[in-house]
Amino acid sequence: MKATCPVCGKAVDEAAARTKTGETAHGAQEVDPAKGTRQFHGGRWVYFDTLGCRTKFMARPDAYPSLGGA
Amino acid sequence: MDFGFTPEQEALRREVRDFIAEHLTAEIVEELEGLTEGFGVSRSVGRGPLVSRLFDEIAKRGWLGISYPKEYGGQDGDRITQYIVEEEFARVGIAVGLAGSGAPAILAAGTEEQKRAFIPKLISGEYSFALGFTEPQAGADLASLQCRAVRDGDDYVINGQKMYTSAAHTATHVYLMARTDTAVPKHQGISIFLVPMDTPGLTVRPLWTIQNEPRAPLGTTYGAYRTNETFFDDVRVPKTTLLGKENEGWGVGSMGLNLDRVGAARYLISVRRDEDIVNWVKTNRFDGYSPADDPAIRDKIAELWIEAQVCRLMTMRSMSIVEHGGHFTYEGAAEKIWAPEHGVRTSEAITQMLGPYGQLLNGSPYAVEKGIFAHNLMGAFQSGINHGSVQVMRDQVARRGLGLPSARRAGRPEAGR
């Protein structure tokens with residue numbers, strides 16, 4: 001499923017951001033940091049193209065009213 | 001009042017130094033540096049064969065978990081003895097103490113079953129925690145955290161995310177702070193869970209930092225090259241993973257953080273470069289110029305040394321309070337302000353003394369002392385932020401030490417979200 005980064009508008013593949021690419025020393029799944037990131041916001045996951053996009057969002061969440069504001 | 005160590009304690013310090021001189025061979029250092037990212041190494045990440053043998057030797061001497069009860073794998077020793085051993089090993093980048101807030105919190109608030117399950121294995125290095133407190137929007141204002149744990153029968157179901165879970169890629173468990181009640185003021189609806197890393201739904205995403213690339217020599221920096229963010233998607237854990245009572249996690253977590261701020265390793269990271277620059281100044285000459293003869297350098301080094309002694313005395317005072325059964329709050333906070341800010345002042349002063357060479361990292365043929373001062377400069381500022389920023393610590397000193405009112409926003413405290 002494709003999500004749209006609310007900050008830069010690029011498409012983010014939700015599945016790719018969650019796909020296991022490795023495993024930690026004690027069994028947690030690892031993902032590829034190049035495949036976007038996400039934030040639990042207002043009770044749901046919002047997907048971002050990069051950490052930079054997420055940082056911009058966090059600085060002004062009220063600028064994205066469709067995501068539920070601050 | 002005696003500020004000195006007893007003859008027995010001084011003898012122990014010599015014994016530890018002799019042990020390190022005999023056992024910390026170049027081969028072990030090479031293996032240690034391959035196992036970590038330039039940061040101090042503990043047994044939980046030191047799984048190479050030489051390092052394992054080294055820790056076995058340390059354990060044989062009773063130097064692991066000294067101040068913990070024997071029934072939980074400790075030595076029933078005192079904190080000052082533990083401090084001496086930790087201090088000597090921390091100097092060479094080896095963590096023998098239980099750095100982190102998990103073990104003291106379990107000892108104080110855990111069930112008997114949790115104490116027996118965790119503390120011996122934390123001491124032996126079989127278990128280790130990643131600290132799961134900070135979130136993208138909840139760092140200094142930690143109580144605003146949004147990660148949720150919802151009771152479902154005999155389980156809790158966790159959803160949310162954590163930032164800067166630095167050891168998540170090597171740890172066996174997350175020491176997790178999550179919200180269990182959204183209808184009460186934010187500090188009251190928080191609980192702590194001990195979550196195994198291999199629980200389904202737990203995902204680790206690497207974050208790469210400015211530090212330790214290229215790698216600094218072992219134990220010479222404030223942090224590791226890699227940290228992580230950690231996601232929880234319907235992570236189901238049994239209620240036995242709850243530490244302390246539901247919704248009382250803020251007190252448990254704060255107590256553990258306070259204890260974690262005190263100890264040899266945290267004090268030493270802020271003053272180790274003082275010792276290094278004194279040694280460098282004493283042993284280097286350049287075309288007839290000796291930095292040791294330079295009045296400006298001598299004055300600055302003397303000033304830094306005085307500040308470093310304040311760091312050490314503050315650490316010793318906090319430990320003494322705990323050793324005598326007291327509880328400290330603002331004392332640890334004061335120490336957490338003074339030591340990191342001293343580390344920054346030291347780094348800046350050293351940079352001025354060494355000039356451009358002091359900014360070259362490990363690997364450059366012109367780097368001073370394998371770049372430890374340059375690596376330190378990059379990391380020193382971080383120390384004033386992690387484990388309680390100096391701004392938050394100042395607020396604690398003002399409120400708890402000086403009795404000033406809370407610097408709370410106007411109106412009633414926010415309810416948890």
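Hydrogens, waters and symmetry mates play no part in the numbers below; they use all other heavy atoms, side chains included. Each chain gets a letter, A, B and so on, in the order the sequences are listed, and its residues count up from 1.
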For B:E229, which atoms come within 4.5 Å of any heavy atom of chain A: side chain, backbone, both, or neither? side chain
Are any non-hydrogen side-chain atoms of B:H169 and A:E30 less than 4.5 angstrom apart? yes
Heavy-atom side-chain proximity of A:Q39 to B:Q137 below 4.5 angstrom: yes
Heavy-atom closest contact (A:P33 atom, B:P206 atom, distance): CB-O, 3.6 Å
Identify every side-chain donor-acceptor pair in residues 197-204 of chain B under 3.5 Å, counting partners at least two apart or on other chains, and give the distances.
unit_1: B:T199; atom_1: OG1; unit_2: B:P196; atom_2: O; d: 2.6
unit_1: B:T203; atom_1: OG1; unit_2: A:Q29; atom_2: NE2; d: 2.9

Residues from residues 47-54 of chain A approaching chain B under 4.5 Å (heavy atoms): A:L51, A:R54
Which residues in residues 7-17 of chain A have any heavy atom closer than 4.5 Å to a heavy atom of chain B? none
Contact class of A:R18 relative to chain B, heavy atoms under 4.5 angstrom: side chain
For B:D233, which atoms come within 4.5 Å of any heavy atom of chain A: side chain, backbone, both, or neither? side chain
What distance separates A:K35 NZ from B:R205 CZ, expressed to the nearest 0.5 Å? 12.0 Å
With sequence neighbours left out, write down each residue that passes ring-ring contact (aromatic ring centres under 6.0 Å, His included) with A:W45, or none if nothing qualifies. A:F40, B:F231
Under 4.5 Å to a heavy atom of chain B? For A:T21 that would be neither
